Colleague: 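Take this structure first; my questions come after.
Please read all numbers here as calculations on a predicted model, not as lab measurements. All residue numbers in this chain count up from 1 along the given sequence.
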Amino acid sequence: MKTVCIFLAEGFEETEALLPLDILRRGGVSVMTVSVTGDRTVKGAHSVPVVADMLFEDLKEEDVEMVVLPGGLPGATNLDAHEGLDRLVMSFAGACKPLAAICAAPMVYGRRGLLKGKKATCYPGFDKYLEGAEYTGNMVERCDNFILGKGPAAAADFGFALLEKLAGEPKVQEVKSGMLFA
């Protein structure tokens with residue numbers, strides 16, 4: 001069964017990982033958290049330990065439906081430096097499969113030139129890594145196979161954008177209603 005994978009590195013932004021995870025699971029989407037640290041317990045940017053569902057080493061690319069990268073520091077730079085994740089991202093980009101990132105993490109795609117000619121958003125100041133992209137500063141930006149979020153305040157909107165891509169607008173409205181967003 002294909003699944004959405006949210007990748008966790010030391011120093012990830014907890015809100016940007018866990019709120020989209022919660023929204024997607026409420027919407028019935030199969031989601032797994034994946035540690036890139038070699039340990040299932042990953043400490044977030046605010047020292048919150050999270051036990052990931054699996055280790056990167058146990059992941060099979062053919063089981064991944066969407067790559068989701070939370071920001072936070074040094075979480076985003078740790079994701080950017082992970083060789084296995086680099087290969088997965090480049091494979092997904094080459095096949096136009098869904099790639100998502102929020103806050104500082106869009107730099108992972110930008111530094112690889114994957115956002116050239118596309119509208120993009122990220123945490124202010126990290127736009128310098130979005131090589132060739134048109135930085136909008138919007139809370140959420142959707143362009144081709146990319147969904148990007150600006151920062152912690154965009155975590156819910158980012159999660160709902162992911163859910164819309166995977167399950168459609170009626171499911172988004174159902175989950176929003178249950179969470180008292182609408």
Side-chain angles (χ1 to χ4, degrees), residues 2-25 29-93 97-115 120-131 133 140-141 145-159 161-162:
K2 293 236 179 214
T3 190
V4 172
C5 291
I6 299 176
F7 293 87
L8 304 179
E10 288 293 318
F12 72 94
E13 174 60 51
E14 295 93 343
T15 301
E16 297 165 357
L18 300 179
L19 188 51
L21 169 74
D22 180 79
I23 288 168
L24 290 170
R25 286 191 177 166
V29 174
S30 174
V31 185
M32 300 283 281
T33 53
V34 181
S35 169
V36 301
T37 69
D39 189 334
R40 285 191 53 214
T41 301
V42 185
K43 191 177 284 188
H46 302 99
S47 300
V48 177
V50 172
V51 179
D53 297 310
M54 68 185 306
L55 297 175
F56 185 88
E57 295 77 11
D58 299 326
L59 184 67
K60 294 181 182 140
E61 182 177 342
E62 60 269 16
D63 295 336
V64 182
E65 181 174 5
M66 176 187 277
V67 170
V68 179
L69 307 179
L73 290 175
T77 53
N78 289 334
L79 291 172
D80 189 45
H82 192 273
E83 292 179 15
L85 183 58
D86 175 60
R87 286 189 297 276
L88 179 65
V89 164
M90 295 309 289
S91 175
F92 262 57
K97 292 181 180 178
L99 293 163
I102 185 170
C103 195
M107 77 173 183
V108 173
Y109 306 140
R111 291 185 55 182
R112 287 157 180 78
L114 302 177
L115 299 175
T121 194
C122 64
Y123 195 83
F126 282 82
D127 49 303
K128 64 186 172 192
Y129 300 111
L130 305 183
E131 296 175 14
V140 174
E141 198 62 67
N145 56 316
F146 291 92
I147 299 173
L148 307 171
K150 188 172 185 177
D157 290 341
F158 179 70
L162 301 177

Colleague: When you measure from the side chain of Thr121 to the backbone of Lys150, do you find a donor-acceptor pair of N or O atoms at a distance under 3.5 Å?
Modeller: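 No, because the side chain of Thr121 does not come within donor-acceptor range (under 3.5 Å) of the backbone of Lys150.
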
Colleague: Quick check against the 3.5 Å criterion: does Thr33 have a side-chain atom that pairs as donor or acceptor with the backbone of Asp53?
Modeller: yes

Colleague: Any side-chain heavy-atom pair from Val64 and Leu59 closer than 4.5 angstrom?
Modeller: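 SC-SC contact between Val64 and Leu59 confirmed.
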
Colleague: Go through the structure and list residues passing ring pair (Phe, Tyr, Trp, His ring centres under 6.0 Å) with Tyr109, not counting sequence neighbours.
Modeller: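 Residues passing ring pair (Phe, Tyr, Trp, His ring centres under 6.0 Å) with Tyr109: Phe146.
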
Colleague: How far apart are the closest heavy atoms of Leu148 and Ala120, and which atoms are they?
Modeller: CD1-CB, 3.6 Å

Colleague: Search all heavy atoms of Ala101 against all heavy atoms of Ala105 and return the closest pair with its distance.
Modeller: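 Smallest interatomic distance, heavy atoms only, reads CB-C, 3.7 Å.
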
Colleague: Would you mind reporting whether Ile147 and Pro98 have side-chain heavy atoms less than 4.5 Å apart?
Modeller: no

Colleague: Find out whether Cys103 and Pro70 are in side-chain contact, i.e. whether some heavy atom of one side chain is under 4.5 Å from a heavy atom of the other.
Modeller: no

Colleague: Can you find a heavy atom in the side chain of Asn145 that is under 4.5 Å from one in the side chain of Lys97?
Modeller: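 With C-beta onward as the side chain, the pair stays apart.
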
Colleague: Contact between Val89 and Asp86 at the side-chain level, heavy atoms closer than 4.5 Å - yes or no?
Modeller: no

Colleague: Hey, could you give me the CD/OG distance between Glu57 and Ser35, rounded to the nearest 0.5 Å?
Modeller: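 So the gap between those two atoms works out to 7.5 Å.
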
Colleague: Please tabulate, for side-chain N and O atoms in residues 8-17, each donor-acceptor pair with protein atoms closer than 3.5 Å (sequence neighbours left out).
Modeller:
{"from": "Glu10", "atom 1": "OE2", "to": "Lys43", "atom 2": "N", "distance (Å)": "3.3"}
{"from": "Glu14", "atom 1": "OE1", "to": "His46", "atom 2": "N", "distance (Å)": "3.4"}
{"from": "Glu14", "atom 1": "OE1", "to": "His46", "atom 2": "ND1", "distance (Å)": "2.9"}
{"from": "Glu14", "atom 1": "OE2", "to": "Ala45", "atom 2": "N", "distance (Å)": "3.4"}
{"from": "Glu14", "atom 1": "OE2", "to": "His46", "atom 2": "N", "distance (Å)": "2.9"}
{"from": "Glu14", "atom 1": "OE2", "to": "Val48", "atom 2": "N", "distance (Å)": "3.3"}
{"from": "Glu16", "atom 1": "OE1", "to": "Gly71", "atom 2": "N", "distance (Å)": "2.9"}

Colleague: Measure up the Phe126 and Tyr123 rings against each other and bin them: parallel (under 30°), tilted (30 to 60°), perpendicular (over 60°).
Modeller: perpendicular

Colleague: For Glu83, look at atom CD and say whether over 12 heavy atoms of other residues, nucleotides or ligands are found less than 6.0 Å away.
Modeller: no

Colleague: Checking side chain to side chain contact (heavy atoms under 4.5 Å, CB included) for the pair Asn78/Val36: CA distance, chi angles, key distance, verdict?
Modeller: CA-CA 9 Å; Asn78 289 334; Val36 301; 5.7 Å; no

Colleague: What pair of heavy atoms forms the shortest contact from Ala154 to Val140, and how long is it?
Modeller: O-CG2, 4.5 Å

Colleague: Give, for atom CG of Asp127 and atom CG of Leu115, the distance between the pair rounded to the nearest 0.5 Å.
Modeller: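 Between atom CG of Asp127 and atom CG of Leu115 there are 12.0 Å.
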
Colleague: Is there a side-chain contact between Leu162 and Val4, using heavy atoms and a 4.5 Å cut-off?
Modeller: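 Result no, sub-4.5 Å side-chain heavy-atom pair not found.
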
Colleague: Taking Arg25 for its side chain and Val31 for its backbone only, find out whether a donor-acceptor pair lies under 3.5 Å.
Modeller: yes

Colleague: Provide the full list of ring-ring contact (aromatic ring centres under 6.0 Å, His included) pairs with a residue in residues 68-92, sequence neighbours left out, each pair given once.
Modeller: Phe56-His82

Colleague: Rounded to the nearest 0.5 Å, what separates atom CD1 in Ile102 from atom CG in Leu69?
Modeller: 11.0 Å

Colleague: Atom CG in Asp63, atom NZ in Lys2: separation rounded to 0.5 Å?
Modeller: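 Here the interatomic distance stands at 7.0 Å.
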
Colleague: Just wondering, do Val68 and Phe158 contact through their side chains at under 4.5 Å, heavy atoms?
Modeller: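 Yes, at least one pair of side-chain atoms sits under 4.5 Å.
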
Colleague: Which value, rounded to the nearest 0.5 Å, describes the distance between Leu24 atom CG and Leu19 atom CG?
Modeller: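 Between Leu24 CG and Leu19 CG, I get 9.5 Å after rounding to 0.5 Å.
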
Colleague: Quick one: CG on Leu99 to CZ on Arg112, what's the gap to the nearest 0.5 Å?
Modeller: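 Here the rounded value is 11.0 Å.
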
